Amino acid sequence: MAPIKFGVGQSVLRKEDDALIRGKGRYTDDHAPQPAMRALVLRSPHAHAKFTVNTARARGLPGVGTILTAEDVGDLGGLPCLFNLEVNPFTAPPYPILASGEVRHVGDAIAFVVAETVDQARDAIEAIEVEWTPLPAVIGVANAVKPGAPQVWPDHPGNVLFDVPIGDKKATEAAFAKAHAIAEISVVNPRVVANFMETRAAVCEYDARRDHLTLTIGSQGSHRLREILCGMVLKISPEKMRVICPDVGGGFGTKLFPYREYALIAVAARKLRKTIKWTADRTEHFMGDAQGRDNFTTARMALAEDGKFLAMDVDLMGDMGAYLSTFGPYIPHGGAGMLPGLYDIQAFHCRVRTVFTNTVPVDAYRGAGRPEAAYVVERLVDAAARKLGMTPDAIRRKNFIAPRAMPYKTATGKVYDSGDFTAHMKRAMEIANWKEFPKRAKAAKKQDLVRGIGLATYVEVCGTMGEETANVQLDPNGDVTVLIGTQSSGQGHQTAYAQLVAEQFGLTPERVHILQGDTDKIATGLGTGGSASIPTGGVSVERATRELGRNLREIAAEALETSSADLEISDGTVRVAGTDRSVSFADLARRPGVDPSKLNASATFTSADGTYPNGTHLAEVEIDPATGIIKIVNYVIVDDFGVTLNPLLLAGQVHGGAMQGIGQALMERAVYDTKDGQIVTASFMDYALPRAADGPSFVFETHNVPCKTNPLGVKGAGEAGAIGSCPAVVNAIIEGLWREYKIDHIDMPATPERVWIAICEHARRHNL
């Protein structure tokens, strides 16, 4: 039996942190093979324009190796969109590696400059002659679908990529016709920018003898990136490229996709037969990396007199930006499938439109459609409660799917396998001392402050990335190495996977080594996204470890002259149960004549059904009506993740996700000038991110109900914090504003300015 100390459920400290806090982390920009040339991208200053480019003078400047324009990469494939509709498939517009003759957003790439130094590359960028003919641009989905709006793509009239229904419109209309009351909201889920610590970077080395490229890159997965780049863009055999992902400083979905620079640096390295390095600065990140969210949604709930939900009808428009990023159109369409939330809603209909605008493309950002869905339904449920004069918890209890109804198939076809939704909401309310809130609100009012309290319950689907294979092997010294195609970008895979091995072998985390992010050493891999690493990769590691254990028992049985059934594994040894006769892992690895294939084992798992983590976020805020400043004074989270692998890692993931949601709720918003399409918030001078002082002291618990469709019983946890937090915070703000001023709406981000203006407008209307 493995020692409990390092196994599943234990708060093992992150083994990767020692190197990171000592400055020994190795990120892409730290990879500096010499000599290496440096690259920069020339980007459009216009949101929409025709252009011609002349590079003759720039090519003659000192140190310039090459300048690539659209003509030089015309034989390449464009960046692909990997999602399409099964019914009513659409035709994606081209997403060229370099724009040819026309740009469609500020930051659109038109040239790639390689020089001996960054300064020389910058001089060349400035020497490139570009003649611009500005064209009308359109910003925001509401503007893009107006009659006569400027067209981003001529083949997509009205700027609409697709306009499709989900659910049963006829049944929904019938239910609304019988409704006692109807609650309705229109909400903006603002565009945000995923600001990880490490900006994107790439180093490409070329081996002329083998005609082989080695791409070192900060990505969320090496294999899929190589497959797309080689097979769909560069049009070369995957064997011609090795992709290595070292330490990755944050990803949040945005580093999962292929980008133009990766193809360009490969073309340039091959052309010059030299090593080339490119690193984005922060403003370049704002103008060139996929952004997130950006939905406008109108939603209605048909209500019975007793508060029962009869039907839900939604009109959702998702901003795609100027091009279709890898999974871009899937985000609003797939997210719409989660709009019913935790509620028993028998009739549901949603109209989903994806819309082009002259902005940076939009794609998956932590939660990828599920935070947007949770925000809509939880705001709508609170609106329904106000409509009927019910409390937020009472209307939820009335409509939650009951545990006895599991497995439950929603009106959008999702099958929830497990959960007790009333239980985690009740527990969150107990921790937050919900019953005593009126006293706290009264005390705050004496200080000229407004208290608000709100909750949001959520469910999401995750762990559906596909098939993941793990290889677990015994090293000559008796340690164990795990090879797997997932990719850590700060989640703690080194520790989590080591615990799964420790659960069976009893090895300390230091004796378990995790190898990720190298296509030469690892055969396959999905990368990391959609909270899939532990629900999918973890199962593969657990099964491969179990298989290796069987092999080691067979070898040890021969060495100890006993039956394998009499053997147990602990502390890195195989022992005859109840005796002191044993053989170490190291001795087994070195045993003469042992079949090498018995010293490793592989397992593959795919989670086609996905997992459905769920929970309750509860926020209490304090609003200063004189300034609009909001302070979160209490924050409680009770989640159902099925099984907890490591409480410390889990808390870190939940805290981080919740802070990202709080940032979106209170301050984050990518702003584009609606006249000329300029991105106004292109640096940290203008784009606000939450700091430690902006967050609360979280109270976090789990109320786990094991997942019935996952062999480990786990439900993905990486994105959950970002899903429950936005509606909880905004519901709390509106609760206070409604009670004090009868203000029932405010859009994210609820900045001090927006809150103050809303209060002032109330005072003006009522002559206060």
Side-chain angles (χ1 to χ4, degrees), residues 165-187 297-316 336-351 373-429 434 454-460 612 614-618 640 724 727-728 731 734-735 738 744-745:
I166 296 175
D168 189 333
K169 184 177 182 179
K170 186 176 180 180
T172 302
E173 289 176 343
F176 269 88
K178 297 184 294 185
H180 167 74
I182 296 173
E184 181 172 349
I185 59 168
S186 291
V187 295
T297 309
T298 297
R300 300 184 303 144
M301 191 78 82
L303 305 166
E305 190 172 1
D306 64 353
K308 188 75 177 77
F309 298 160
L310 302 178
M312 184 178 179
D313 185 61
V314 182
D315 188 315
L316 185 162
M338 298 308 299
L339 278 166
L342 296 171
Y343 307 105
D344 180 19
I345 302 173
Q346 294 296 312
F348 172 87
H349 171 259
C350 180
R351 178 188 185 188
Y375 183 69
V376 169
V377 68
E378 290 304 295
R379 285 286 307 274
L380 182 59
V381 168
D382 264 29
R386 286 192 296 273
K387 188 81 173 181
L388 296 176
M390 298 178 69
T391 62
D393 56 310
I395 199 167
R396 286 174 169 82
R397 287 190 182 94
K398 184 76 176 179
N399 290 283
F400 277 150
I401 300 161
R404 64 178 180 274
M406 304 293 177
Y408 177 91
K409 188 174 184 179
T410 72
T412 59
K414 305 297 182 184
V415 180
Y416 302 164
D417 64 282
S418 58
D420 189 343
F421 312 142
T422 298
H424 55 62
M425 183 181 71
K426 179 182 177 182
R427 178 57 183 155
M429 294 174 68
W434 180 281
L455 55 82
T457 54
Y458 77 91
V459 62
E460 62 148 327
Y612 290 90
N614 55 89
T616 297
H617 284 229
L618 192 155
D640 172 7
N731 280 345
I734 292 175
E735 192 277 334
W738 172 255
D744 64 356
H745 178 76

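These numbers were taken from a predicted model, which means no experiment stands behind them.
Judged purely by atom type and a 3.5 angstrom limit, Thr172 uses its side chain to pair as donor or acceptor with the backbone of Phe348. Put simply, the side chain of Gln346 never gets that close to the backbone of Ala411: no donor and acceptor are under 3.5 Å apart. A donor-acceptor pair is defined here as one N or O able to donate and one able to accept, closer than 3.5 Å; such a pair exists between the side chain of Asn731 and the backbone of Leu455.
Considering all non-hydrogen atoms of both residues, Ile185 and Leu380 come closest at CD1-N, 3.6 Å. Heavy atoms only, all atoms of each residue included: Ala179 and Leu310 are closest at CA-CD1, 4.0 Å. The nearest pair of heavy atoms linking Ala336 to Pro340 is O-CD, 4.3 Å. In plain terms, the two heavy atoms of Arg386 and Ile734 that are nearest each other are NH1-CG2, 3.6 Å. What you find for Ala311 and Ala175 is that their closest heavy atoms are CB-CB, 3.4 Å. Closest heavy-atom contact between Phe421 and Ile401: CD1-O, 3.5 Å.
Looking at Ile345 and Met301, their side chains come closer than 4.5 Å, going by heavy atoms from C-beta outward. Side-chain contact between Thr410 and Met338 is absent, with no heavy atoms from C-beta onward closer than 4.5 Å. Residues Ile395 and Val381 have side chains in contact (heavy-atom distance under 4.5 Å, counting atoms from C-beta outward). The side-chain heavy atoms of Phe400 and Thr457, taken from C-beta on, include a pair separated by under 4.5 Å.
With values rounded to the nearest 0.5 angstrom, Leu342 atom CG is found 7.5 Å from Thr616 atom OG1. A distance of 8.0 Å separates CG of Leu339 from OG1 of Thr412, quoted to the nearest 0.5 Å. Taken from NZ in Lys387 to CG in Leu303, the straight-line distance is 8.5 Å, to the nearest 0.5 Å. Arg397 CZ to Met425 CE: the interatomic distance, rounded to the nearest 0.5 Å, is 4.0 Å. Taken from CZ in Arg396 to CZ in Phe309, the straight-line distance is 7.5 Å, to the nearest 0.5 Å. With values rounded to the nearest 0.5 angstrom, Met312 atom CE is found 9.0 Å from Phe176 atom CZ.
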| message | If you apply the rule side chain to side chain contact (heavy atoms under 4.5 Å, CB included), what do you find for Tyr375 with Thr297, and how did you get there? | response | CA-CA 10 Å; Tyr375 183 69; Thr297 309; over 6 Å; no
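Relative ring orientation between Tyr458 and His617 is described as perpendicular, the plane-to-plane angle rising above 60° on a 0-90° scale split at 30° and 60°.
Residues passing the side chain to side chain contact (heavy atoms under 4.5 Å, CB included) test with Lys308 are Ala304, Asp306, Asp344, Asn399, sequence neighbours excluded.
The closest side-chain donor-acceptor pair between Ser186 and Thr298 falls under 3.5 angstrom.
At a threshold of 4.0 Å, the pair Arg379-Asp744 does not count as salt-bridged, since none of the basic side-chain nitrogens sits closer than that to a carboxylate oxygen. The pair Glu460-Lys414 does not meet the salt-bridge criterion, since no charged nitrogen lies less than 4.0 angstrom from a carboxylate oxygen.
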